[in-house]
Amino acid sequence: MKNYIFALITIGFFARVNAQITQLIPNSNDSRVITTGVPFLLIAADARAAGMGDMGVATSADAYSQQWNPSKYAFSLAKSGFGISYTPYLSKLVNDISIGQVTYFNRLDEKSAFSGSFKYFSLGEIELVDGPNDTPRIAKPNELTIDVAYSLRLAEQFSMAVALRYLRSDLKIIGVDLNPAPASTVAVDVSGYYQSEENAYESFNGRWRAGFAIQNLGPKIKYDDAGTENFIPTNLRIGGGFDFIFDQYNTLAVTLELNKLLVPTPPILGTEVTFNDLNGNGVYDGPVVDDLISETDNVIVSGKSTDVSFISGVFQSFGDAPGGFSEEIKEFTWALGAEYRYQDSFAFRAGFFNEAEEKGARKFFALGAGFKYTSIDIDLSYLFSASKVQSPLENTLRFSLTFNFGAGEYNEY
C-alpha cells in the first residue's frame, strides 16, 4: 500500500514538472497614443480658432468654419467671405515648414450656403546626396486637402451640413522609394449647429450655441505597395457655449469643446511563450531555467486588433481601449475658450487645450486678438505649451486675414 502511494506521488510530481504552460508576456514599451495618417488635418489652421485653444465646432460663424463646422455658414451675418491663413510649424527648428489655408463661403439665400477650402501642408525642402561629391537633389514633400460643403437651415435655430474632402499625401522621395506616387483618399463630414434667439436676463442678454461634427469619415490611406494602410483622423467634435451680451458694444462668448478620434486604440502586444515548467512555479523564467518550446511575437495581450475597416473602426473606437472605460475617457481631449468683442471692431481671445498624458500629452494655453477695418478682419494667435512634451507649435504666431462681403445683409433675430 505504501509503495502504491509513493508511486502516485512520484507520477504527480513529474507530471507537474513536465507540464507544458503557455503564457503571454506584454511588451513594456507599448504606446497608448493613437496615430493616424495625414495628422495635419487636426491642426487649427486659422488664428481665431487657435487663439481659443483649437476650437470651432460651437463658436459663432466665421470664414474658417469649413474646418470646424460648415453648418455655421447658414448663420453668417455676411453674404460671403474669403479667408487666408498661415501657420508656421516647428518654427524653432526650421523656417520652411508651414500650413496654409484658403477658404471661401457664400450664402445662397436665407436657408442655405455653399463653401470650399484648400489646405496645404509644406514640409519644406530636403536635400538628398548619394555621395560627398554629388550634386544634391531637392525634394519637397507635402500634403493637401480640397473640400466643398453645403449647409442648410432645417429650422429657425438649427442647421446641418455635409462636406466632401479629397486628401493627398506626397511624402515619398524620388530616388529613395521605388514607387514615389502620392497616397490619396476621400472623406466626408457631417455636422450640425444650433444658435438660440437672444434672450433677456437680469443684467444682460444672452444666446446659447451648440454644435457637433463627425469629420474625415473615409477609407484608409495607403502609403506603400506592401499594403500598409493607415486610418485617417476620423474624429467627433461636440461643443457648447454661451454669449454674454452686456450691451450693443460689449460681448463675451464662452465655449467648451470635446473631441475624440474615432480610430481604434492600439492593443497591448506581447510574446506568447510555451514552455516546460521545470521548476514548477508556473511562470516563464527564461530558457536557462525553463525549457522553451515555442515563442511568438506581436500577440494581442489586451485590447482588439486594429486590422478592421474604417467603418468598423469608428464603432470599435468607443470600446476597445485595453484599460477599459477609464482609458476610453482619457481619449477625449477638451478645450475651454473665451472671446471678448468690443463694438465688433476688436476682439481678445484666450483658451486652454488638454489631452491625457498617455494619449499624447498635448496641453497648452493660447492667446489671440482680432481687429476689424471696414470689411477686413485681421486675427493673430500665440501658443504657450503647458506640457513636458514640447509642442511643434510652441511660441508660434499664427495669422489670418478675412474679407467679408455683404456684411450685415443677414441679420439674425
Side-chain angles (χ1 to χ4, degrees), residues 31-46 49-50 52-59 64-72 87 99 101 117 119 121 143 145 147 149 160-167 169 185-193 210-221 229-240 255-266 306 308-321 327-337 351 353-356 358-364 391-393:
S31 172
R32 310 305 321 128
V33 178
I34 300 175
T35 59
T36 69
V38 289
F40 82 101
L41 290 176
L42 299 177
I43 300 174
D46 65 285
M52 291 184 283
D54 287 14
M55 64 163 55
V57 75
T59 55
Y64 302 99
S65 298
Q66 182 81 357
Q67 177 179 352
W68 308 98
N69 186 349
S71 302
K72 299 190 296 182
T87 299
I99 299 175
Q101 181 176 350
S117 72
K119 185 187 294 185
F121 182 30
E143 296 179 309
T145 63
D147 49 45
M160 291 192 69
V162 176
L164 176 64
R165 178 169 297 110
Y166 169 74
L167 302 90
S169 180
T185 187
V186 293
V188 297
D189 296 355
V190 178
S191 61
Y193 181 69
F212 77 90
I214 300 175
Q215 300 177 306
N216 305 315
L217 182 63
K220 300 177 185 179
I221 191 167
E229 293 181 321
N230 294 268
F231 287 94
I232 61 176
T234 305
N235 65 298
L236 169 67
R237 296 185 187 275
I238 54 175
T255 308
L256 173 66
E257 181 173 314
L258 303 177
N259 182 74
K260 185 186 189 307
L261 279 172
L262 303 182
V263 176
T265 305
T306 58
V308 296
S309 68
F310 74 95
I311 290 293
S312 298
V314 169
F315 294 100
Q316 180 175 312
S317 67
F318 288 99
D320 63 348
E327 185 176 346
E328 291 289 351
I329 292 298
K330 292 179 180 179
E331 292 182 354
F332 281 87
T333 64
W334 60 268
L336 180 64
F353 180 94
N354 182 79
E355 182 178 54
E358 303 91 331
K359 297 299 177 178
R362 290 178 298 165
K363 301 177 189 290
F364 57 83
S391 170
L393 292 167

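Residues: numbered from 1 along the sequence shown.
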Minimum side-chain heavy-atom gap Val186-Leu167 below 4.5 Å:
no
Residue of the set Gln67, Arg165, Gln66 for which side-chain hydrogen bond (donor to acceptor under 3.5 Å, both in side chains) holds with Asp189:
Arg165
Only counting residues at least two apart or in another chain, list the ones meeting side chain to side chain contact (heavy atoms under 4.5 Å, CB included) with Ala356.
Lys330, Glu358, Lys359
Does either side chain, that of Thr265 or that of Glu331, offer a donor lying less than 3.5 Å from an acceptor on the other one?
yes
Excluding sequence neighbours, so at least two apart, what forms side chain to side chain contact (heavy atoms under 4.5 Å, CB included) with Thr306?
Pro264, Pro267
Residues forming a salt bridge (charged side-chain N to carboxylate O under 4.0 Å, His left out) with Arg237, sequence neighbours excluded:
Glu257
Show the nearest heavy-atom pair for residues Gly53 and Phe364, with the distance to one decimal.
CA-CE1, 4.2 Å
The side-chain hydrogen bond (donor to acceptor under 3.5 Å, both in side chains) partners of Asp54 (sequence neighbours excluded) come to none
Near Phe315 CZ, under 6.0 Å, is it more than 12 heavy atoms from other residues, nucleotides or ligands?
no
Applying ring pair (Phe, Tyr, Trp, His ring centres under 6.0 Å) to Tyr64 and not counting sequence neighbours gives none
Rounded to the nearest 0.5 Å, the CD1 atom of Ile214 sits from the CD1 atom of Ile238 at a distance of 10.5 Å
So, using side-chain hydrogen bond (donor to acceptor under 3.5 Å, both in side chains) as the criterion, who are the partners of Asn230 when residues are at least two apart?
none
So do Phe40 and Thr145 actually touch side chain to side chain, heavy atoms under 4.5 Å?
yes
Got Trp68 and Thr59 here, is their nearest side-chain heavy-atom distance under 4.5 Å?
no
Between Asn235 and Asn259 the two heavy atoms that sit nearest each other are ND2-OD1, 2.8 Å
To the nearest 0.5 Å, atom CG of Leu258 lies from atom CG of Leu256 at 5.5 Å
Is there a side-chain contact between Ile99 and Lys119 in this structure, where contact means two heavy atoms from C-beta onward sitting under 4.5 Å apart?
yes
List the atom of Glu143, the atom of Ser169, and the distance in Å for their closest heavy-atom pair.
OE2-OG, 2.7 Å
Does the side chain of Val162 reach to within under 4.5 Å of the side chain of Leu164, using non-hydrogen atoms?
no
Within the side chain of Lys72, is there an N or O that forms a donor-acceptor pair under 3.5 Å with the backbone of Gly56?
yes
Under 4.5 Å between any side-chain heavy atoms of Pro233 and Val263, yes or no?
no
Between Gly218 and Thr234, the two heavy atoms sitting closest are N-OG1, 4.3 Å
Can you measure from CZ (Phe353) to CG (Leu336) and round to the nearest 0.5 angstrom?
12.5 Å
With rounding to the nearest 0.5 Å, note down the distance linking NZ in Lys363 to OG in Ser391.
13.0 Å
Restricting to non-hydrogen atoms, name the atom on Ala149 and the atom on Pro70 that form the minimum distance, rounded to 0.1 Å.
CB-CB, 3.8 Å
Set of side chain to side chain contact (heavy atoms under 4.5 Å, CB included) partners for Ser317, sequence neighbours left out
Lys260, Leu262
If the condition is ring pair (Phe, Tyr, Trp, His ring centres under 6.0 Å), which residues does Phe310 pass it with, not counting sequence neighbours?
none
Quickly, which of Leu42, Leu236, Val314 forms a side-chain contact (heavy atoms from CB on, under 4.5 Å) with Leu261? Name it, please.
Leu42
Not counting sequence neighbours, which residues clear side-chain hydrogen bond (donor to acceptor under 3.5 Å, both in side chains) with Thr87? List them please.
none
Taking side chain to side chain contact (heavy atoms under 4.5 Å, CB included) as the test, write out the residues that go with Pro39, two or more places apart.
Thr36
Atom CD1 of Ile311 and atom CD of Gln316: how far apart are they, to the nearest 0.5 Å?
13.0 Å
Do Ser71 and Ser191 get their side chains close enough for a donor-acceptor pair, meaning under 3.5 Å?
yes
Could you pull out all residues at least two apart from Thr333 that satisfy side-chain hydrogen bond (donor to acceptor under 3.5 Å, both in side chains)?
none
Partner residues of Phe212 under the ring pair (Phe, Tyr, Trp, His ring centres under 6.0 Å) criterion, sequence neighbours left out:
none
